[in-house]
Amino acid sequence: MTDEIKNLKDYIGEKFESHEELEALRFKRIDELLSQYGKESAGNAETIKRVHSRVDHIQTSYKTLKGVGMFILTALTAVGAWFGMSNK
């Protein structure tokens, strides 16, 4: 009976050691994942800033082009009105 108790104690001791090692590995992996997430998040933040900057440039270009188009349309309308009034 004492051999069985000794074997049981050894078995339980091994289980606790294995459990502690498993917990340590689990926490180590969680730390690795959090570290990786932090790096990816920082990289994504820079990408988002670049995308916003490009969108701002596109919007500025669009507004400039729209303004030039309106100027040309206004000038053509004025020239047409001037020709219409001078022909009478």
Side-chain angles (χ1 to χ4, degrees):
M1 186 80 162
T2 57
D3 286 339
E4 290 177 3
I5 293 173
K6 184 176 180 334
N7 288 339
L8 182 60
K9 286 182 179 180
D10 290 341
Y11 177 75
I12 292 172
E14 289 175 9
K15 284 292 187 181
F16 278 121
E17 289 175 10
S18 297
H19 179 72
E20 289 174 358
E21 289 175 8
L22 185 62
E23 284 292 311
L25 288 173
R26 186 173 138 245
F27 284 117
K28 182 180 175 185
R29 182 63 181 149
I30 289 171
D31 289 341
E32 289 172 358
L33 290 172
L34 288 174
S35 174
Q36 183 181 3
Y37 174 76
K39 290 176 185 175
E40 288 178 3
S41 179
N44 288 342
E46 293 300 319
T47 301
I48 290 170
K49 287 179 185 176
R50 282 195 309 266
V51 169
H52 280 291
S53 176
R54 289 178 185 164
V55 168
D56 288 342
H57 287 284
I58 291 169
Q59 286 178 340
T60 302
S61 298
Y62 175 74
K63 288 178 183 177
T64 303
L65 183 62
K66 188 177 177 183
V68 169
M70 287 300 291
F71 174 77
I72 292 172
L73 182 64
T74 303
L76 289 175
T77 304
V79 169
W82 183 69
F83 277 133
M85 289 173 35
S86 65
N87 284 340
K88 286 188 174 186

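As a basis for the values below, the full set of heavy atoms in this structure was taken, side chains included, without hydrogen atoms, waters or symmetry mates.
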Legend entry - Point-to-point distance, once rounded to the nearest 0.5 Å, from CG of D10 to CG of D3: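 Interatomic distance, D10 CG to D3 CG, rounded to 0.5 Å: 10.5 Å.
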Legend entry - R29 CZ to L34 CG distance, which is reported to the nearest 0.5 Å: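 It is 10.5 Å, given to the nearest 0.5 Å.
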Inset, instruction - Show which residues join V55 in its hydrophobic cluster (side-chain heavy-atom contacts under 4.5 Å, direct or indirect), or state none. - result: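 Members other than V55 - counting any ILVMFWY side chain reachable under 4.5 Å - are V51.
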Inset, instruction - Could you note down all residue pairs passing side chain to side chain donor-acceptor pair (under 3.5 Å) where residues 18-27 supplies at least one of them, sequence neighbours left out? - result: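 Residue pairs passing side chain to side chain donor-acceptor pair (under 3.5 Å), neighbours aside: E23-R26.
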Legend entry - Polar side-chain atom of S53 near backbone of K49 as donor-acceptor pair, under 3.5 Å: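 No.
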Inset, instruction - May I ask you to test the I48-H52 pair for a side-chain heavy-atom distance under 4.5 Å? - result: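 Sidechains of H52 and I48: in contact.
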Legend entry - salt bridge (charged side-chain N to carboxylate O under 4.0 Å, His left out) contacts in which one or both residues fall within residues 56-68, not counting sequence neighbours: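 For residues 56-68: none.
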Legend entry - Worked verdict on T2 versus K6 for side-chain contact (heavy atoms from CB on, under 4.5 Å): CA-CA 6 Å; T2 57; K6 184 176 180 334; over 6 Å; no
Inset, instruction - Applying side-chain hydrogen bond (donor to acceptor under 3.5 Å, both in side chains), name anything that partners E4, two or more places apart in sequence or on another chain. - result: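 With sequence neighbours excluded, E4 shows a side-chain hydrogen bond (donor to acceptor under 3.5 Å, both in side chains) to no residue whatsoever.
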Legend entry - Residue list, side-chain hydrogen bond (donor to acceptor under 3.5 Å, both in side chains) with E14, at least two apart or on another chain: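 Result, side-chain hydrogen bond (donor to acceptor under 3.5 Å, both in side chains) vs E14: none returned.
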Throw together a table of side-chain donor-acceptor distances under 3.5 angstrom for residues 69-79, partners on residues two or more places apart or in other chains.
unit_1, atom_1, unit_2, atom_2, d
T74, OG1, M70, O, 2.7
T77, OG1, L73, O, 2.8

